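Structure record follows, encoded as structure tokens.
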Amino acid sequence: MGEKINFTVGSTDGSGYIALPKSGTGPAVIVIQEWWGLVGHITDVVDRFAEAGFVAFAPDLYHGQARSEEH
């Protein structure tokens with residue numbers, strides 16, 4: 001449902017995962033990942049918020065590094 005995006009704020013580059021509701025607009029929510037990074041569980045949470053009518057975004061706080069969810 002959602003997609004990974006890259007963005008720049010000032011001179012700082014960032015990335016994350018965003019999903020929009022079917023309407024394309026709605027209240028916004030930020031999803032903060034656990035210590036293992038931007039993994040499938042977090043993108044699923046973002047997608048579920050979008051299905052519920054929210055614009056949802058999870059910033060990639062570890063710049064692409066992720067641990068296995070099995071650990």
Side-chain angles (χ1 to χ4, degrees):
M1 172 180 236
E3 65 181 319
K4 290 188 177 183
I5 61 168
N6 296 308
F7 57 89
T8 302
V9 177
S11 61
T12 302
D13 294 327
S15 63
Y17 183 83
I18 191 167
L20 304 175
K22 288 184 181 184
S23 68
T25 63
V29 62
I30 303 293
V31 177
I32 302 300
Q33 66 208 23
E34 290 96 343
W35 69 271
W36 49 77
L38 188 57
V39 294
H41 169 68
I42 299 301
T43 59
D44 181 62
V45 170
V46 171
D47 289 340
R48 286 187 282 148
F49 271 117
E51 289 173 7
F54 292 87
V55 173
F57 177 69
D60 184 356
L61 301 175
Y62 297 115
H63 311 287
Q65 293 187 9
R67 302 268 310 180
S68 171
E69 291 182 71
E70 290 86 42
H71 286 98

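Owing to the predicted nature of the structure, the values given are computational and were not obtained by experimental measurement.
At distances below 3.5 Å, not a single donor-acceptor pair connects side-chain atoms of Tyr62 with backbone N or O atoms of Trp36.
Contact record, Ala56 with Ala50: CB-N, 4.5 Å, taken as the closest heavy-atom pair.
Residues Ser15 and Ile5 are not in side-chain contact: their nearest non-hydrogen atoms beyond the backbone lie 4.5 Å or more apart. Residues Gln33 and Asp60 are in side-chain contact: their nearest non-hydrogen atoms beyond the backbone lie under 4.5 Å apart. Side-chain contact between Phe54 and Leu20: absent, with no pair of heavy atoms (C-beta onward) separated by less than 4.5 Å. The shortest side-chain heavy-atom distance between Leu61 and Ile32 falls under the 4.5 Å cut-off. For the pair Phe57 and Val55, the minimum side-chain heavy-atom distance is 4.5 Å or more. Contact check for Val31 versus Ile42: side-chain heavy atoms found under the 4.5 Å cut-off.
Note on Ile18: it does not cluster hydrophobically with Val39, by side-chain heavy-atom contacts below 4.5 Å among ILVMFWY residues.
To the nearest 0.5 Å, atoms CE (Met1) and CG (Asp44) are separated by 11.0 Å. To the nearest 0.5 Å, atoms CZ (Arg48) and OG1 (Thr43) are separated by 10.0 Å.
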Item to check | side-chain contact (heavy atoms from CB on, under 4.5 Å) between Val9 and Phe7, worked out | outcome: CA-CA 7 Å; Val9 177; Phe7 57 89; 3.9 Å; yes

